[in-house]
Amino acid sequence: MEKVHFTEEKATMLATLYGRALDNRSPDPVLGDQAADDAVRRIDYDFGKLGVDQNLAMAVVLRAKPMDAWAAEFLRANPDAVVVHMGCGMDSRVFRLDPPATVTWFDVDYPEVVELRRKIYPSRESYHQIGTSVTDFAWIDQVPSDRPALIIAEGLTMYLTEEGGEELFRRLIAKFPRGEVVVDLYSKLGIKLQKMNPVVRKANATLHWGVDDPRDLEKLGLTVVRALDVGTAYPDSELDRVSTGTRIQIRIARLIPALRRMGHIVRYKF
Ligand SMILES: C[S@@+](CC[C@H](N)C(=O)[O-])C[C@H]1O[C@@H](n2cnc3c(N)ncnc32)[C@H](O)[C@@H]1O
């Protein structure tokens, strides 16, 4: 067992990991992330104190699922791609997608997080981990620049400042010949209401960067390919998996544009 102590934004990745593990323990998992489940069993931490219930677990896996699907589609079409998975936390996406060794994959997060990943997850061919803040841009030089790139940031942008986040994407987009960005965004209202998010509140984390419309990032050289909002990210087919209270909240959010647009999951190309 690995004893861990994380605070603030680094602690939030334990909540999302636990969400994926809980989903895997349900009789009919959405994501089926066995590696997350195994990782939780190997980490000595009171996951119960994170306040992650079935509703939150669903929010986590319904965000991860379309991101996995878009990533898999890109990798099928670009088997020579470089993947830059930023703010990876303890996410086992590389094991879920299991790309061929022709794909070079970089998982990037703070050094303490990468240190834990190295203890918990096995190494694999063409797989690298970089322990750094993503906004200490020197790490970008470690990534080859001559191949199509898939840039993934799940649950990361909101922890960056607008200035830092925009500069990060500018640098990455300039580096590669072409590629896609798969990312989730909170609106400015989402940032204002951050303490209503139990994961953020319990971790004592602070969110900064709000993006109201996915097209706002097109100024960085990106083009929106697909965008899901709070309404479309929860398909009707999955609504019976959440509590009545959460179902009502989602139905209300679908009707009120500012709530509906409080979060987006976006696929861009460049
Ligand atoms: C909500 S967690 C999401 C983790 C993972 N993507 C997932 O979905 O499980 C946020 C992650 O972003 C990382 N993070 C936040 N700011 C960062 C920064 N400036 N540089 C690197 N990682 C950062 C945190 O350490 C944490 O692992």
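Values in this document were obtained by computation on a predicted structure and should not be read as measured data. We number each residue from 1, following the sequence as shown. Ligands are counted one by one from 1 in listed order, and the atoms in each one are counted from 1 as well.
Contact of the Met58 side chain with the Glu238 side chain is registered, since non-hydrogen atoms from C-beta on lie closer than 4.5 Å.
Near Arg20, the atoms of ligand 1 lying under 4.0 angstrom from a non-hydrogen atom of the residue are 7 (C), 8 (O), 9 (O). Near Lys10, with a cut-off below 4.0 Å to any heavy atom, the atoms of ligand 1 are 25 (O). Heavy-atom contacts of Val134 reach the following atoms of ligand 1: 18 (C), 19 (N), 20 (N), 21 (C) (cutoff under 4.0 Å). Close approach to Met13 involves these atoms of ligand 1, each under 4.0 Å from a residue heavy atom: 2 (S), 4 (C), 26 (C), 27 (O). If you number the atoms of ligand 1 from 1 as listed, the ones under 4.0 Å from a heavy atom of Leu160 come out as 19 (N).
Put simply, part of Arg63 is less than 4.0 Å from ligand 1, judged by heavy atoms. Between Thr132 and ligand 1 there is a heavy-atom distance shorter than 4.0 Å. Judged by the shortest distance from any of its heavy atoms, Met86 lies outside the 4.0 Å radius around the atoms of ligand 1.
Without hydrogens or angle criteria, Asp23 side chain to Ala57 main chain gives no donor-acceptor distance under 3.5 Å. For the pair Gln194 (side chain) and Ile191 (backbone), a donor-acceptor distance under 3.5 Å is present.
The existence of a salt bridge linking Glu218 and Arg215 is excluded, since no basic side-chain nitrogen approaches an acidic carboxylate oxygen closer than 4.0 Å. Using a 4.0 Å cut-off between charged side-chain N and carboxylate O, Asp109 and Arg117 make no salt bridge. By the 4.0 Å N-to-carboxylate-O rule, Asp80 lies too far from Arg147 to be salt-bridged with it. Salt-bridge check for Arg42 with Asp37: failed, with every basic side-chain N at 4.0 Å or more from each acidic carboxylate O. A salt bridge does not link Arg247 with Asp240: every distance from a Lys NZ or Arg NE/NH1/NH2 to an Asp or Glu carboxylate oxygen is 4.0 Å or more. Taking a cutoff of 4.0 Å between a charged side-chain nitrogen and a carboxylate oxygen, Arg63 and Asp184 qualify as a salt bridge.
The residue from Leu156, Ile152, Val108, Leu14 that puts a heavy atom closest to atom 14 (N) of ligand 1 is Leu156. Proximity annotation for atom 5 (C) of ligand 1: of Ala205, Cys88, Pro111, Cys88 comes nearest, heavy atoms only. Between the choices Ser133, Gly131, Gly87, the shortest heavy-atom distance to atom 19 (N) of ligand 1 belongs to Ser133. Distances from atom 10 (C) of ligand 1 to the heavy atoms of Gly155, Ala203, Gly164 put Gly155 nearest.
Two rings, from His85 and Trp105, have their centers less than 6.0 Å apart.
Evaluated for a side chain to side chain contact (heavy atoms under 4.5 Å, CB included) with Val181, the options Val224, Leu150, Ile151 yield exactly one hit, Ile151.
Of the protein's heavy atoms, Glu154 O, 3.6 Å lies nearest to atom 3 (C) of ligand 1. Protein heavy atom nearest atom 25 (O) of ligand 1, with residue, atom name and distance: Asp109 OD1, 2.7 Å. With respect to atom 17 (C) of ligand 1, the closest heavy atom belonging to the protein is Tyr110 CE1, 3.3 Å.
Polar contact with ligand 1: present for Thr16 (N/O pair, distance under 3.5 Å). Not a single N or O atom of Thr12, backbone or side chain, sits closer than 3.5 Å to an N or O atom of ligand 1.
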